[in-house]
Participant: 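Have a look at this one.
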Amino acid sequence: GTRNVIFPLGVGYLEIVEAHDESLARANPFGRLVLAGLADADIAGRNESLFAWSVAVDDASAVAARLDVGMMSLSRAGVSVQLAGVEESATDPTRPFFLQRASGQESPSRRPADHRVEPMGFGRIEIAMRTVADWLDVVPVGETQCMLSAADASSLLGVEIELREG
């Protein structure tokens, strides 16, 4: 029920997803996540929305067990992933869902891309969450500065994409 386009950013990637068949999208957790984001955008009077983010993990089933959440498999165009926490991300989009790639599958961030500028990856992601400590046992680390703060209301505060040109 969904289709996507991936924009590699060197370290990390931006994935644009749409629901092309609403009835099929409603039949699975990832499709419902997409539809929830589109509904939020509609309420806010926008045509699109940055409504979900994911954290790559080595063992999605361990994360699902720790959080007592469901798991699902998603396969598309030769790529297969295990996802945990998708339904919960749909109800609170500042909570990431967790993604485990099949063994040997390269991250889409490394794919060649025909950008007019050279992206280096996400520089910063800033998110206010009601349940920081409960949801993420560790703050994601790496080349991206991930700033999580506790707040009464959850919201995506900002995303910065670094470019080689500055």
Side-chain angles (χ1 to χ4, degrees), residues 2-19 25 28-38 40-41 48-111 113 119-151 153-162:
T2 63
R3 59 183 165 216
N4 69 327
V5 175
I6 292 177
F7 296 92
L9 297 174
V11 176
Y13 59 95
L14 180 63
E15 183 172 3
I16 308 295
V17 182
E18 72 170 346
N28 70 74
F30 188 77
R32 288 190 293 274
L33 172 67
V34 173
L35 292 172
L38 293 172
D40 287 348
E48 68 268 334
S49 174
L50 181 59
F51 61 86
W53 62 296
S54 65
V55 174
V57 294
D58 293 330
D59 187 351
S61 59
V63 173
R66 178 178 64 81
L67 295 175
D68 192 26
V69 297
M71 286 195 51
M72 67 172 288
S73 297
L74 185 64
S75 295
R76 175 181 298 163
V79 175
S80 178
V81 294
Q82 296 292 314
L83 305 175
V86 171
E87 293 277 9
E88 291 74 15
S89 185
T91 60
D92 182 354
T94 60
R95 287 181 172 193
F97 60 91
F98 301 89
L99 179 149
Q100 176 187 345
R101 285 183 187 79
S103 179
Q105 279 188 351
E106 184 178 55
S107 168
S109 64
R110 303 288 182 210
R111 291 182 182 164
M120 302 301 295
F122 290 101
R124 180 183 58 86
I125 299 172
E126 187 175 356
I127 298 169
M129 299 174 70
R130 287 187 291 263
T131 56
V132 173
D134 295 346
W135 197 248
L136 289 170
D137 58 346
V138 295
V139 174
V141 296
E143 298 177 37
T144 301
Q145 182 182 10
C146 189
M147 301 169 61
L148 304 176
S149 59
S154 296
S155 63
L156 178 64
L157 302 174
V159 175
E160 209 171 84
I161 297 174
E162 290 187 347

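On a predicted model such as this, the values are computed, not experimentally measured, just so you know.
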Participant: In Å and rounded to the nearest 0.5 Å, what is the CD to OG distance from Gln100 to Ser73?
Facilitator: 9.5 Å
Participant: I would like to know whether Glu18 and Val34 meet side chain to side chain contact (heavy atoms under 4.5 Å, CB included); could you show each step before the answer?
Facilitator: CA-CA 7 Å; Glu18 72 170 346; Val34 173; 5.7 Å; no
Participant: Mind checking what makes salt bridge (charged side-chain N to carboxylate O under 4.0 Å, His left out) contact with Arg32, not counting sequence neighbours?
Facilitator: Glu87
Participant: Can you list the steps and then say if Gln105 with Ser80 is a side chain to side chain contact (heavy atoms under 4.5 Å, CB included)?
Facilitator: CA-CA 8 Å; Gln105 279 188 351; Ser80 178; 4.0 Å; yes
Participant: Of all residues at least two apart in sequence or in a different chain, which pass the side chain to side chain contact (heavy atoms under 4.5 Å, CB included) check with Ala64?
Facilitator: Val69, Met71, Ala84
Participant: Looking at every non-hydrogen atom in both residues, tell me the closest pair between Pro29 and Met72 and how far apart they are.
Facilitator: CB-SD, 3.7 Å
Participant: With rounding to the nearest 0.5 Å, note down the distance linking CG in Leu74 to CG in Asn4.
Facilitator: 8.0 Å
Participant: Atom CZ in Arg66, atom OG in Ser61: separation rounded to 0.5 Å?
Facilitator: 12.5 Å
Participant: Which atoms form the tightest heavy-atom contact between Ala36 and Ala90, and what is the distance?
Facilitator: CB-O, 3.8 Å
